[in-house]
Amino acid sequence: MSRPRTPVIGGNWKMNTNTESSRALAEAVGEGCRSIDGVEVFVCPPFPYLRRVGGALKDAGGGVALAAQDVWHEPDGAFTGEVSAAMLLDCGVSMVLTGHSERRHVIGEDDGLINKKTIAALNAGLSVVLCIGETLDQREKGETDAVNERQLRAGLNGVTPEQMASVIVAYEPVWAIGTGKTATPEDAQDAHTKIRDVIGDLYGADIAAATRIQYGGSVKPGNAAELFSRPDIDGGLIGGASLKADDFLAIIRSATG
Ligand code: PEP
């Protein structure tokens with residue numbers, strides 16, 4: 001039986017790479033994706049390399065989308081250090097992450113700001129990957145589903161049913177990001193089912209069934225296939241392993257099966 005949703009794999013390069021290594025990585029990923037069907041792929045390089053990586057992806061073929069790691073919600077003005085949705089579009093970006101756990105827990109973004117960014121990006125015509133997930137403390141207190149529901153409802157506040165076609169949700173338990181610890185496929189599937197239920201409550205069964213929900217948190221070539229085999233896990237958001245083209249391509253291939 002074919003999957004109801006096309007899996008989507010994203011590479012979040014975080015604050016890594018430089019001019020040359022970002023180009024080489026983009027080229028290798030783009031070339032590798034030429035022979036992979038049935039999976040959508042995007043990469044999120046650091047801001048300074050967006051244009052160059054976009055060019056390398058285009059030259060390589062393979063259909064890999066260019067995404068940004070963050071966006072500011074105002075259109076222009078006195079916001080030192082920030083980057084608007086229009087600037088991202090101008091650099092060839094088509095997608096953006098909002099609410100990544102490092103923005104929430106290292107930089108200190110709250111649900112209100114993440115919602116403003118999500119709305120601004122969607123209104124500008126970007127697709128959004130809205131990242132949600134619980135901390136270890138919240139998990140140990142049994143709050144996983146409540147935290148996901150709160151972050152989801154707040155993040156999607158004001159997003160129209162039509163705009164949901166441009167939204168991907170990434171469930172990334174904070175304790176699993178960059179730690180080598182991964183949620184079991186059963187736990188991840190359970191969280192994804194509950195997330196889909198919340199989307200259903202907000203937008204109805206059809207939109208819930210059509211929305212892609214990625215898993216993120218120490219996905220590697222060795223654990224990807226098992227995670228992606230679960231019915232509600234529609235691919236993954238990959239950090240560390242997306243910095244090595246061979247590992248990232250192996251993870252992408254795992255989503256085809
Ligand atoms: C991430 O940054 O979204 C992530 C999942 O990182 P890692 O794969 O390194 O855990």
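In each ligand, atom 1 is the first atom listed, and ligand 1 is the first ligand listed.
Across Val43, Leu243, Val219, a single residue satisfies side chain to side chain contact (heavy atoms under 4.5 Å, CB included) together with Phe248, and that is Val43.
Protein heavy atom nearest atom 4 (C) of ligand 1, with residue, atom name and distance: Gly239 N, 3.6 Å. For atom 5 (C) of ligand 1, the nearest protein heavy atom (residue, atom name, distance) is Glu172 OE2, 3.0 Å.
Heavy-atom proximity to Ala176, at under 4.0 Å, picks out these atoms of ligand 1: 10 (O). Atoms of ligand 1 found under 4.0 Å from any heavy atom of Leu237 (numbered from 1 in listed order, with element): 3 (O), 5 (C). Remark: ligand 1 atoms within the under-4.0 Å shell around heavy atoms of Gly178 are 7 (P), 9 (O), 10 (O). The distance from ligand 1 to the heavy atoms of Gly217 drops below 4.0 Å at these ligand atoms: 5 (C), 10 (O).
Looking at Ile177 next to ligand 1, no N or O pair under 3.5 Å apart turns up. The N/O atoms of Gly240, backbone and side chain alike, include one that comes under 3.5 Å of an N/O atom in ligand 1. Of the N or O atoms in His100, one or more lie within a sub-3.5 Å distance of an N or O in ligand 1.
Look at Lys194 and Glu149 and you find no salt bridge, because none of the NZ, NE, NH1 or NH2 atoms lies under 4.0 Å from a carboxylate O. With salt bridges taken as basic N to acidic carboxylate O contacts below 4.0 Å, one links Arg150 and Asp111. Residues Arg104 and Asp110 are not paired through a salt bridge, judged by the lack of any N-O separation under 4.0 Å between the basic side chain and the carboxylate. In this structure, Arg212 pairs ionically with Glu40, as a charged nitrogen and a carboxylate oxygen lie closer than 4.0 Å.
Counting non-hydrogen atoms of other residues, nucleotides and ligands closer than 6.0 Å to CG of Asp206 gives a total of 12 or fewer.
Ligand 1 does not have Ala241 within reach: every non-hydrogen atom of the residue lies 4.0 Å or more from it. Proximity of Lys14 to ligand 1 is established by a heavy-atom distance of less than 4.0 Å. Ligand 1 does not have Cys131 within reach: every non-hydrogen atom of the residue lies 4.0 Å or more from it.
Hydrophobic clustering, with ILVMFWY side chains joined whenever heavy atoms are under 4.5 angstrom apart, keeps Ile119 apart from Ile168.
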Yes or no on salt bridge (Lys or Arg N to Asp or Glu O under 4.0 Å) for Glu143 and Arg139, after CA distance, side-chain angles and deciding distance? CA-CA 5 Å; Glu143 295 172 359; Arg139 184 176 194 83; over 6 Å; no
